[in-house]
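See structure below.
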Amino acid sequence: VDDPDRKGMQVTCAGDPSDAPSPSPQSIPPPSRVSVVAQHGSLRADGNRIVDMHGNPVSLQGMSLFWSQWMPQFYNHDVVQWLKSDWHVTIVRAAMAVEHDGYLANPQRETARVEAVVDAAIALGLYVIIDWHDHHADQHLEEAKAFFARMAQTYGQHPNVLFEVFNEPVGQAWSSTIKPYHTALVDIIRKHTTNLIILGTRRWSQEVEEAAMDPVPGTNLAYTLHFYAATHKASLRSKALRALELSVPLFVTEWGTCEASGDGALNLAEARSWLTFMTEHHISHANWAVADKAEACAALQPGASSSGDWPLGGLTASGAFVRAWMRGEEAPDETASQEQPGSQGGLSLACSAVAEDCRSTRCCQDPAMACYEKNEWWGGCREECQPGVDPNDPPEHQTPWTCKVLGGSASPAATPAPTQSAPSPSSGTQKFRGTLTMWATQDALIGAQCEYANSPVNSLTDPVMPSYLRSGFHCAIGDSSPGFGKGEHCGTCYKLTSLNDNGISGTPGSKGS
């Protein structure tokens with residue numbers, strides 16, 4: 001997504017009502033006796049399409065699992081079986097985390113999770129994507145080569161298995177960094193198999209036209225396109241068309257019904273436009289994500305069973321929409337329960353929370369904030385904004401802010417950022433801005449809450465996980481290596497208290513502080 005560090009926010013979101021009839025879903029229904037893989041066999045790139053063993057264009061549809069280190073409970077045979085039988089998926093994607101306590105820290109654990117999904121897909125006759133879920137894969141070349149050498153040698157003889165070697169590059173240059181990485185991985189995989197390889201493109205796998213103009217050498221290669229319907233619209237489809245005109249095939253290994261943050265408002269009308277576009281151009285796709293996080297693009301309600309068998313009431317609005325589409329049923333609309341200040345053209349949009357893209361709503365949940373534009377792809381709710389690079393942004397997202405006011409009551413005039421200061425440990429009302437310093441590790445930090453005037457306004461009951469910005473309770477907690485939360489910008493935050501393993505407030509510098 002455009003900003004992976006913002007996935008996981010818990011916000012109130014509204015969908016996109018539309019009376020337009022749903023277009024016909026994808027063209028490969030699940031067969032009753034013969035599996036989709038038995039029908040279509042090995043896939044290969046042919047011009048700008050992916051075709052089956054008979055030379056016919058193939059359009060697969062399915063689901064992507066969530067980051068493997070954070071949602072491992074869904075990496076099993078029962079979930080894959082349910083997705084096939086109830087959701088009618090023809091492909092699943094195993095999104096193996098690399099950083100953030102993923103493969104780099106636990107290679108055997110994460111590999112075993114991927115293998116469980118791949119083995120299930122092979123047994124069930126589904127296609128499966130092995131995804132190196134990384135934003136900095138070019139920095140992990142040797143690890144990626146070793147992993148894909150093992151995967152290609154183990155599974156390369158199965159037509160079910162596709163290889164996605166770089167989920168989402170961010171700001172790396174295509175010709176000098178991303179393309180050489182892909183070339184190295186293609187060479188490794190081709191020692192063992194001719195199966196389809198899917199190549200990530202620059203800027204969160206959106207710059208497909210750039211890749212098409214300077215393609216990676218080799219055969220049976222496709223290029224990754226990612227979109228989130230409430231953020232990426234006709235302009236990105238135009239890029240996709242130009243890439244197709246340059247005769248390269250595209251594969252949407254990840255897409256969402258919501259905003260690029262993985263959260264925020266749903267836009268189901270735009271999701272239909274994308275689904276129709278992919279159907280017309282024979283582009284396979286996997287929806288993000290099989291997860292029960294409290295965020296808009298998650299398919300499942302919190303607490304969902306880890307073995308499938310999910311009732312309709314256990315699906316989110318996004319999950320219900322995607323399931324209905326893949327089953328060939330009329331996809332439901334998610335309508336807003338009340339008008340919000342961000343309503344536009346009859347579409348009711350919830351105002352945006354801290355660290356959420358606010359360009360579509362043009363308003364902020366916190367009345368003290370305004371929606372400022374960063375660039376054509378992102379806007380954020382802030383108390384003030386100074387044009388240029390914000391050093392408090394995550395390193396991979398340190399690009400200039402325009403600071404154009406898109407909505408809210410703040411003055412358009414730029415205001416210099418305040419001097420950073422540490423929070424006071426004293427009790428009482430203690431509002432502060434600046435740098436949040438925390439030394440707790442992910443394992444130690446089992447709970448956290450923000451307090452205002454010594455009274456909790458909300459709390460986190462599950463472990464705080466790296467790369468997540470939590471908002472909705474006047475506090476944002478982020479991560480930076482090597483310490484969790486160390487040096488991240490708080491936004492609007494009040495007194496912060498975290499609990500250690502014994503449920504006791506930590507002291508500065510100690511476990512749980």
Side-chain angles (χ1 to χ4, degrees), residues 1-4 6-7 16 18 23 26 48-50 59 61 64 93 135 164 166-172 174 178 198-215 222-289 296-297 318 321-322 325 344 347 349 356-361 373-379 396-397 399 406:
V1 300
D2 275 11
D3 197 339
R6 291 185 170 95
K7 278 187 183 175
D16 185 8
S18 172
Q26 301 273 16
N48 63 3
R49 293 180 176 181
I50 296 171
S59 294
Q61 59 181 10
S64 174
R93 178 186 188 230
H135 300 289
E164 182 180 3
F166 195 160
N167 164 50
E168 286 182 346
V170 283
Q172 302 96 322
W174 170 259
I178 305 171
I198 308 169
L199 309 174
T201 54
R202 189 172 60 85
R203 200 167 65 80
W204 298 281
S205 287
Q206 294 167 29
E207 298 297 338
V208 290
E209 181 186 15
E210 174 188 55
M213 291 188 292
D214 184 17
Y223 293 84
T224 309
L225 174 67
H226 287 178
F227 70 85
Y228 282 76
T231 299
H232 308 118
K233 303 180 183 180
S235 61
L236 186 55
R237 288 194 290 275
S238 295
K239 283 187 180 182
L241 280 174
R242 290 193 292 271
L244 293 172
E245 290 168 356
L246 291 168
S247 197
V248 300
L250 302 180
F251 204 121
V252 177
T253 61
E254 179 180 318
W255 71 274
T257 57
C258 63
E259 297 175 7
S261 63
D263 210 335
L266 303 184
N267 191 331
L268 303 185
E270 193 65 33
R272 286 190 187 86
S273 296
W274 272 107
L275 287 163
T276 302
F277 175 84
M278 291 187 290
T279 300
E280 291 174 349
H281 296 283
H282 304 283
I283 299 173
S284 298
H285 59 86
N287 176 256
W288 183 268
C297 269
S318 180
F321 173 86
V322 174
W325 175 274
Q344 297 176 359
L347 173 60
L349 301 174
E356 179 182 345
D357 185 1
C358 62
R359 290 172 306 129
S360 61
T361 65
E373 179 187 75
K374 181 174 187 179
N375 51 39
E376 63 178 302
W377 307 293
W378 189 261
E396 65 268 29
H397 304 302
T399 53
L406 302 178

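Heavy-atom basis, side chains included; hydrogens, waters and symmetry copies ignored.
Here E373 pairs with T402, K404, L406 under the side chain to side chain contact (heavy atoms under 4.5 Å, CB included) rule; sequence neighbours left out. Listed by chain and number, the residues in a ring-ring contact (aromatic ring centres under 6.0 Å, His included) with F251 amount to none (sequence neighbours excluded).
The line from NZ of K239 to CD of E209 is 7.5 Å long, rounded to the nearest 0.5 Å. To the nearest 0.5 Å, atoms CH2 (W174) and CZ (R202) are separated by 10.5 Å. Rounded to the nearest 0.5 Å, atoms NE2 (H232) and CD (Q206) are 3.5 Å apart. Residue R237 holds its CZ atom at 10.0 Å from CE of M278, rounded to the nearest 0.5 Å. In this structure, CG in L241 is found 10.0 Å from CG in N48, a value given to the nearest 0.5 Å. Here E210 contributes atom CD and R242 contributes atom CZ; the two are 12.5 Å apart, rounded to the nearest 0.5 Å.
Taking both residues in full, the closest heavy atoms of A286 and S64 are given as CB-N, 4.0 Å, listed atom of the first, atom of the second, then distance. The shortest heavy-atom contact between F166 and Q172 is CZ-NE2, 3.6 Å. Between A296 and G264, the shortest heavy-atom distance links the atoms CB-O, 3.2 Å. Across all their heavy atoms, H135 and V170 have their closest contact at O-CG2, 3.8 Å. Closest approach of G256 and N287 over heavy atoms only: CA-ND2, 4.1 Å. Here the closest heavy-atom approach between residue E164 and residue T253 is recorded as OE2-OG1, 2.8 Å.
At least one side-chain heavy atom of L225 sits under 4.5 Å from a side-chain heavy atom of L236. Annotation: side chain of L268 is in contact with side chain of T257 (closest heavy-atom distance under 4.5 Å). Side-chain contact check for R272 versus F321: some heavy-atom pair is nearer than 4.5 Å. Side-chain contact check for H281 versus L250: every heavy-atom pair is 4.5 Å or farther apart. By the 4.5 Å heavy-atom criterion applied to side chains, H282 and I50 are not counted as neighbours. With contacts defined as side-chain heavy-atom distances shorter than 4.5 Å, the pair S318/W288 does not qualify. You'll find the side chain of L275 reaches within 4.5 Å of the side chain of H285, heavy atoms only. Proximity of Y223 to P215: side-chain heavy atoms (C-beta onward) are separated by under 4.5 Å at one or more points.
The backbone N or O of L199 sits less than 3.5 Å from a side-chain atom of T224, completing a donor-acceptor pair.
Between Y228 and the options E254, E259, E270, a side chain to side chain donor-acceptor pair (under 3.5 Å) holds for only E254.
Ring orientation note: the planes of W255 and F227 are close to parallel, at an angle under 30° on the 30°/60° scale.
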